Amino acid sequence: MIPWQAYLDVALTLSVVLALAPVLGRYMARVYTDRPTLLDGLLGPVDRFLFRLLGVSRREEMGWKEYAANLLLLNAIALVAVFLLLVTQAGLPLNALGAPNMSWDLASHTASSFVTNTNYQHYVPEQQLSLFSALFGLQTLMYVSPATGLCVFVAFSRGFQRRDGTVGNFYVDFVRTLTRIFLPLVILGTLGFLLAGVPETLAQSVTAYSPLAGAQVIPLGPVASWNAIMLLGTNGGGYFNANLAQPLANPTAATLLLGVVLMLLIPLATPFAFGYLIRRPGEAYPLVVSAIAIFLLALGIFLYFSLNNPFLPPTISQAQGFLSGAEARFSLPESALFEVSSIYSNTGASVMAIGALTPWAQTSLLFGMFLQASPGGDGTGFGMLLIYVILAVFVGGLMVGRTPEYLGKKVGRDQVKWSAAALLSHPFLILIPVALAVVLGLGFAPGTLNPATFTSILYEFTSESANNGSGIGGIADTTVFYNVAGALVMLVGRYLPILAMLAIGGSLSREGPQPVGPGTLRTESLTFTIYLILFLIVIAGLLFLPVLVLGPLSQLG
Amino acid sequence: MPEPPHVPPGARVSVHRRPHTSAGRVLRSSLKMFDPRLEVHKPVMFVVYIFWLYTVALLLLPSVFPDVPSTGIDRVYYLGLVVILFLTLWFSHLGEAVAEAQGRAQAESLRQVRSGAQGRQVLPDGRRVWVPATTLHQGDTVELRPGEVIPLDGDVQNGALVIDESMMTGESEAVIRESGGDKTSVLGGSRVLQGVAQVRITSRPGESFLDRMIRLVEGVQREKTPNELALTILLATLTVALLVVITTLAFFVRTTGGGLVDLGTLVALLVCLMPTTIGGLLPAIGIAGVNRVGQANIVAKSGRAVEAAGDLDVLILDKTGTITIGNRLASEFIPAPGVEGKTFMQVALLCSAFDDTPEGRSIVRLATRRGATAEKLDPTKIRIIPFSPERRASGLVLPDGRELYKGAVDAVAAITGDIPRELRQAAQDASRQGMTPLAVSEDKRVVGVVLLKDVVKPGIRDRLRELRMMGIHTIMCTGDNRLTAGAIARESGVDEFIAEAKPETKLALVQRVKREGRLVAMTGDGTNDAPALAQADVGLAMNSGTSAAKEAGNMVDLDSDPTKLIEVVSIGKQLLITRGALTTFSITSDVAKYFALLPAIFVTVPFLNLLGLAVPRVAVLATLFFNALTIPLLIPLALRGVRFRPRAASELLTRNLVVYGLGGLVLAFVAIKVLYLGLEALIQEPTVHNLLLLLERYLARVP
């Protein structure tokens, strides 16, 4: 029997997130509207120094193209710098464990993976990454990528508020995101992990002696602060290879649940921030409710089929549920909550072996990555949700007999075109590489292509295109093909939707507002919320049901 | 009793606009649309077209496709796919062809009018020569005489004409057009009944009103409207995405080596999932929208204007003619103190007996209805004192010497020297409520006051309420003073009113509303309405108006009934709703199709077979057939538009989601099951079974 306390844990954790999200959302809106915050006294000079360093004028407003160009430039510089760092790390300091230089393809994959907020790890951290690379390379990208995501969100949102064609100043948004949002939250998160006993040190290993095993070298590092930004930034790449199944990184149920809170916090605060930014706080609810409804549905499916496992012969009763792939230290509901939170927030951190889960649990996780928006990663997840909303509003708006409009802005050809591009990129980026891998027989031994292998390949590219980063194993993916194809999928899967979001924001910003009347489709209503949820499920289902049937679902029959 | 000059919407005679279509022609043009050059403009159907050709190749050239099974029974199945895909395309063509034929029928009768039109041109030296209409230019003058057909649109320069415009407008009542004033424009193609006049041509050949009408209803000028374009992008995206989904699926299936799925079945899956219902009917919906406007006897100059009508936020309505009947009518008799009510009514009746204005007639009508009877008098012995602007009253001197006056209260008081205080008070109260008091005197004594009232058109209150429910704000524009305007506004339920409006007020109003970012429509007929008509998002010009007004508006109402603006709004909304509803239907019925097709294709997922379809290939054919059938079944809906009742948006959304979303889902499940059972039974029917066996044997022998 699952102890009732485990379910209580789940409920309490989610309540904490839901209580904190509106508060953080309100604060984020303050940050992005340049209103005073508590930290100004302390961080104002830091901001000013950074602006002077970058040569940025705070007053300068950018159109979407300029905003996008600067965003891409900054990301490109970060990508190239980290790539160079990774291929030369052997000769750089802080490499006590002797990590060799990465190969060009592995370095491409790794740098792309971290700059796109994917954090898919084809490398083994303990063996292939120096502390220097971790601290100054990958950890930098773990701040750059979620901050970029939030900038995209805020520029997109401004489109609804403005009518002069501008979407904000990228550098101002970027710096304020780092200093006002990530800095304080990461400090709090790090303190939480430290209190629970997670190590934070520059020592790279400790040697332990045990009577049975003799001397053991145990890798160490600045794990607590790494964990904090890995989860808050919906990054998901672990300091250790075993990610958060490693007891040093995730020693207790308290750190597990803290992790859930950190992962969901910013993605769920974003809709509230959106509501405040556009000065219609009520508009946050249909978005939050839709995201949570689908999240809970997935959690329910995950748990139900793990507890009622169809594979177990009736003679075996497993009262604790289907524990294959689960961390023995945590209960199934807690682990499931962590796993679903991680995949649905596109973090990709893991405490379970996804390849060993039931097909339904795998299906529910894949579905979250197909959707990318319930609630999705920092900034971009909400941007994806808005794109779905725009398409839903377009069809729904026609049904009430008006040219569709959302939040007082007309939804026309431009918006539909870009939304369609963002929506379309996902199946392209998943299905075509999977087809290539399957047809060319890459990553698996000849003749071993079965539904499980197919699921592995599907999961790999889905995770990369969604910028999720969780892995399932089961295929040999550290080859040139998987590194290069993966890097491309991650980059296009990240920046094409970002361009679409900025373009929509820019095109909306050029439009004058439409006054609201009884003839306008009300998006605050329950009707619209239900419609949106069904729309999300049906559209994602329409595009991806066939591959689910070929993959996890065919393991059921 | 003559009717007030208002044409009730039901009473128009539109002989030439009734859609009649010839079956043969529709059939021919639906087959002509199989031309790939035409097909390529409809992205969704073009993909179906390509894959139809592909299945034809699978059927006829099996040697080219070594993986494809090609036994006799396989080829019978492929034949089935080819036939159903053909039907899918053809059904979609039929919808478009019917809609086009409706438009063409309208155009043909118009073209007959145009061919061979001639005009008697007045040359600068004064000579008159007969020239064909095609050589006439803008600015030329022609002379028109009774019995002649007007060659091109123009303005009457001098003289007056009685014109039969029924060929153009379907209105059988003749109209008068004369130089000066607001009623100068004549339409090319209409016939002069009486009068001689010179007309200055205002349109170039090929650009007259007639030509524009022909082009529009024929669909030559049809360009995709903004919403249609956006929807096409969305549908194309879905199609491309599904194309990728199914193409990659083909590779997966090949590689996993199951050999379970053949390419024909994958084509069926693709076509079923693609939004063929909406994609196939999209052209028909657009054409039908313009046709429906035409059937309402309105000429829209572009499809864009029809679509914009659905989006309107504000309607600017003229008071006179739109909200009120147009004339003030007697509504009450107030006798002076000490005067018998009946006596007063008799005097009033007498006073108005020779007054032929609508006001006068209405006094006679009301008095008679209330039991007053006119005295028998010899009309020849009565002296009539006509109304004059100075006196502001009219009067009669009866044979017995009595002098009766009727007129403005002050004017009559000036004639009699005095007026009872109570009456003056009643008159003032009445003006405050928007009524016009007329005093009646008999021999220097005011005997009472008749109250005239602006009469709100019957039914206008309900229509304004409907508009409010749709979220459309109505503004009444009138030259009346605030009191009168306010009273009418209250009575009719209009949202806002502008009193003491001058000609330029409308333009300022249109500009103000547009600045607020709202879409505005107005009606107008005068030349000074033209700038406002041009700026309004929807400018509905009255056919009776000047050519300047008609040129400026983007729609012309041939019945000259301004109330029809409201009808136009409904048609525009219907157009959009029809598109949205069919898109939703297309998407939700896909869910049912997945549950029918995926278990038929993949044996590994029997738990998805909710419908219990046992024979996979029959399930595929049944689903594909359902997909094809939805198109002709929905053609009437596409042409007619979904039923639109004015409601709030949220209610409309819920209703249409339930009807077309949920309804589409349930219908698809039920219909696929029924078609499956029918097809299964049909195949087992001995005759059909034998036929199929013969076919199978035949196809097995074909290379």
Side-chain angles (χ1 to χ4, degrees), chain A residues 391 394-404 408 411-417 419-421 423-424 427-428 431-432 434-435 438-439 441 449-451 454 512-515 517-522 525 527-528 531 534-535 538-539 541-547 549-550 553-557, chain B residues 226-227 229-231 233-234 237-238 240-242 244-246 248-249 251-252 254-256 273 307 310-311 313 468-473 516-518 572-574 576-577 579-581 583-584 587-588 590-591 594 598 602-608 644 648-650 652-654 656-657 660-661:
Chain A
L391 292 174
F394 181 74
V395 177
L398 288 179
M399 270 196 291
V400 304
R402 272 175 81 91
T403 291
V411 175
R413 205 180 68 180
D414 273 0
Q415 291 81 23
V416 169
K417 189 177 70 190
S419 301
L423 189 71
L424 198 56
F428 263 90
L431 297 174
I432 292 174
V434 174
V438 166
V439 171
L449 184 64
N450 54 28
F454 183 81
Q514 306 291 319
T520 320
L521 176 67
R522 293 290 177 132
S525 63
T527 313
F528 182 78
Y531 166 59
L534 295 176
F535 188 85
V538 168
I539 293 293
L542 202 58
L543 296 177
F544 294 105
L545 193 58
V547 282
V549 164
L550 276 179
L553 291 184
S554 66
Q555 294 170 297
L556 287 169
Chain B
N227 273 320
L229 219 56
L231 185 57
I233 293 174
L234 180 65
T237 306
L238 264 182
V240 172
L242 289 166
V244 173
V245 170
I246 305 301
T248 50
L249 197 61
F251 284 106
F252 299 151
R254 256 174 85 116
T255 329
T256 43
L273 294 179
E307 207 179 88
D311 282 344
D313 301 298
R468 193 166 317 110
M469 279 182 354
M470 291 185 237
I472 295 172
H473 185 82
E516 290 163 10
R518 299 192 283 180
K573 286 206 180 287
Q574 237 183 357
L576 296 179
I577 295 178
R579 288 195 194 126
T583 307
T584 310
I587 293 174
T588 55
D590 273 3
V591 175
Y594 258 140
L598 286 178
F602 302 104
V603 288
T604 49
V605 283
F607 55 94
L608 290 182
F644 171 69
S650 53
L652 271 177
L653 179 68
T654 314
N656 288 330
L657 271 179
Y660 296 97

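Throughout, a chain's letter reflects where its sequence line sits, starting with A, and its residues are numbered from 1. These numbers come from a predicted model, not from an experiment.
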Looking at every non-hydrogen atom in both residues, tell me the closest pair between [X] and [Y] and how far apart they are.
X	Y	result
Met399(A)	Leu657(B)	CE-CD2, 3.7 Å
Arg402(A)	Asp313(B)	NH2-OD1, 2.8 Å
Ile233(B)	Arg413(A)	CD1-CG, 3.4 Å

How long is the gap from [atom1] on [X] to [atom2] on [Y], to the nearest 0.5 Å?
X	Y	atom1	atom2	result
Leu242(B)	Leu542(A)	CG	CG	5.0 Å
Phe252(B)	Leu431(A)	CZ	CG	5.5 Å
Phe394(A)	Asn227(B)	CZ	CG	5.5 Å
Leu652(B)	Thr527(A)	CG	OG1	11.5 Å
Leu234(B)	Leu398(A)	CG	CG	9.0 Å
Ser554(A)	Leu608(B)	OG	CG	10.5 Å

Does any backbone or side-chain atom of [X] lie under 4.5 Å from a heavy atom of chain B? Answer side chain, backbone, both or neither.
X	value
Leu534(A)	neither
Val395(A)	both
Thr403(A)	both

So for [X], is it side chain, backbone, both, or neither that comes closer than 4.5 Å to the heavy atoms of chain A?
X	answer
Leu653(B)	both
Val591(B)	side chain
Leu231(B)	both

Quiz item: When heavy-atom pairs shorter than 4.5 Å are enumerated against chain A, which of Thr584(B), Asp590(B), Asp311(B) gives the highest number?
Solution: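 Highest number of pairs under 4.5 Å: Asp311(B).
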